[in-house]
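Because the structure is a prediction, the values reported are computed rather than measured.
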Amino acid sequence: VDKNAESFEVFTAADLEDHVKISAQQTYQEIELKDWSKVNGYFVNGVRHGYCDINLEDHKSSVVRIRGEYVDGLLEGKGKINFNDRCWLEGYFKNGILHGFTRKFDKKGRLTFVGNYQNGKPFGVCWTIKRGGGCVVGRVN
């Protein structure tokens, strides 16, 4: 995975270090930050490792919630990102980057996109579903 690809990660280990209890064993922690954002999940040695649910109160960001499995502080495997316009995406992540099968939904829960991502960008054959019926299908490399 390209380390320069767009990531949805909003916190680094350094951002959380003053709030996390350090333990070599996996521990569940509930952390509330100064901006009222909340990180609930599993940590090992001070970094997210296991399922985490992050609720963001930073109104400058388009992301309001991140849920998924973390490995060494980065999203890995299936995750879900909610946006402030009430749309969301469900997809697969590798090293914190969207990388694999992805679906996007509008605020009413209607499917708007199906396809694969590679290094944070749509890749291969993708479908964009249009309101009112129909879809656009094509290769987006």
Participant: Taking all non-hydrogen atoms of both residues into account, name the closest pair between Leu56 and Ser37 and its distance.
Facilitator: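 What the structure gives for the nearest pair is CA-OG, 3.5 Å.
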Participant: Would you name the heavy atoms of Cys126 and Gly115 that are closest together and state the gap between them?
Facilitator: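 The answer is SG-CA, 3.9 Å.
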Participant: Indicate, with yes or no, if Val44 and Val71 share a hydrophobic cluster defined by side-chain heavy-atom contacts under 4.5 Å among Ile, Leu, Val, Met, Phe, Trp and Tyr.
Facilitator: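 Different hydrophobic clusters.
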Participant: What's the separation between atom CG in Leu89 and atom CZ in Phe83, rounded to the nearest 0.5 Å?
Facilitator: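 Rounded to the nearest 0.5 Å, the CG-CZ separation comes out at 4.5 Å.
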Participant: Is it possible for you to say whether Phe123 and Val125 belong to one hydrophobic cluster, with membership spreading through side-chain heavy-atom contacts below 4.5 Å?
Facilitator: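 In one cluster: no.
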Participant: If only side-chain N and O atoms count, and only distance matters, is there a donor-acceptor pair under 3.5 Å linking Thr27 with Gln29?
Facilitator: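 Yes, a side-chain donor-acceptor pair sits under 3.5 Å.
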Participant: Side-chain heavy atoms nearer than 4.5 Å, only ILVMFWY residues, links allowed to pass through others: does that put Phe101 and Trp127 together?
Facilitator: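 Yes.
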Participant: Can you tell me how far the CG atom of Leu33 sits from the CD1 atom of Ile31, to the nearest 0.5 Å?
Facilitator: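 If I round to the nearest 0.5 Å, the distance is 7.0 Å.
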Participant: Kindly indicate, with the supporting measurements, whether the criterion side chain to side chain contact (heavy atoms under 4.5 Å, CB included) is fulfilled by Tyr117 and Ile97.
Facilitator: CA-CA 9 Å; Tyr117 269 65; Ile97 307 294; over 6 Å; no
Participant: Checking His99 side chain against Gln118 main chain: does a donor-acceptor pair fall under 3.5 Å?
Facilitator: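 Side chain of His99 to backbone of Gln118, a donor-acceptor pair under 3.5 Å: no, none is there.
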Participant: Atom OH of residue position Tyr42 - does it have more than 12 heavy atoms of other residues, nucleotides or ligands inside 6.0 Å?
Facilitator: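 It does not: Tyr42 OH has 12 such atoms or fewer within range.
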Participant: Applying the 4.5 Å side-chain criterion to the ILVMFWY set and letting contacts propagate, would Leu98 and Trp88 be lumped into a single cluster?
Facilitator: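 Cluster IDs for Leu98 and Trp88 differ.
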Participant: Mark yes when over 12 heavy atoms from residues, nucleotides or ligands other than Lys80 sit less than 6.0 Å from its NZ; otherwise mark no.
Facilitator: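 Yes - once you tally the heavy atoms of other residues, nucleotides and ligands closer than 6.0 Å, there are more than 12.
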Participant: So do the side chains of His49 and Asp72 get within less than 4.5 Å of each other, counting heavy atoms only?
Facilitator: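 Touching, per the 4.5 Å side-chain cut-off.
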Participant: Does the side chain of Phe43 come within less than 4.5 Å of Ser23's, by heavy atoms?
Facilitator: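 Side-chain contact under 4.5 Å: no.
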Participant: Would you indicate whether the side-chain heavy atoms of Arg67 and Tyr51 approach each other to under 4.5 Å?
Facilitator: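 The answer is yes, as the side chains (C-beta and beyond) meet within the 4.5 Å cut-off.
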Participant: Is it true that Val20 and Tyr70 fall in one hydrophobic cluster, defined by side-chain heavy atoms closer than 4.5 Å?
Facilitator: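 Result: yes, single cluster for both.
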Participant: Quick one: CG on Asn84 to OG on Ser62, what's the gap to the nearest 0.5 Å?
Facilitator: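 Going from CG on Asn84 over to OG on Ser62, the span is 6.0 Å.
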Participant: Check whether any side-chain heavy atom of Arg65 lies under 4.5 Å from a side-chain heavy atom of Ile54, and answer yes or no.
Facilitator: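 With C-beta onward as the side chain, the pair stays apart.
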Participant: Quickly, which of Leu74, Ile66, Ile81 forms a side-chain contact (heavy atoms from CB on, under 4.5 Å) with Phe93? Name it, please.
Facilitator: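 That would be Ile81; it is the only one of Leu74, Ile66, Ile81 passing the side-chain contact (heavy atoms from CB on, under 4.5 Å) with Phe93.
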Participant: Could you check whether Asp85 pairs with Lys107 (Lys NZ or Arg NE/NH1/NH2 to Asp/Glu carboxylate O, under 4.0 Å)?
Facilitator: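 No.
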Participant: Determine whether Tyr92 and Lys78 make a side-chain contact, defined as any pair of heavy atoms from C-beta on separated by less than 4.5 Å.
Facilitator: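 Yes - at least one pair of side-chain heavy atoms lies under 4.5 Å apart.
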Participant: For Phe105, does the CZ atom sit with more than 12 other heavy atoms under 6.0 Å from it, leaving out its own atoms?
Facilitator: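 Yes, enclosed.
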Participant: CG/Leu111 to CD1/Ile129 distance, rounded to the nearest 0.5 angstrom?
Facilitator: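 Those atoms lie 4.0 Å apart.
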Participant: Rounded to the nearest 0.5 Å, what separates atom CD in Glu69 from atom CZ in Arg48?
Facilitator: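 Between Glu69 CD and Arg48 CZ, I get 12.5 Å after rounding to 0.5 Å.
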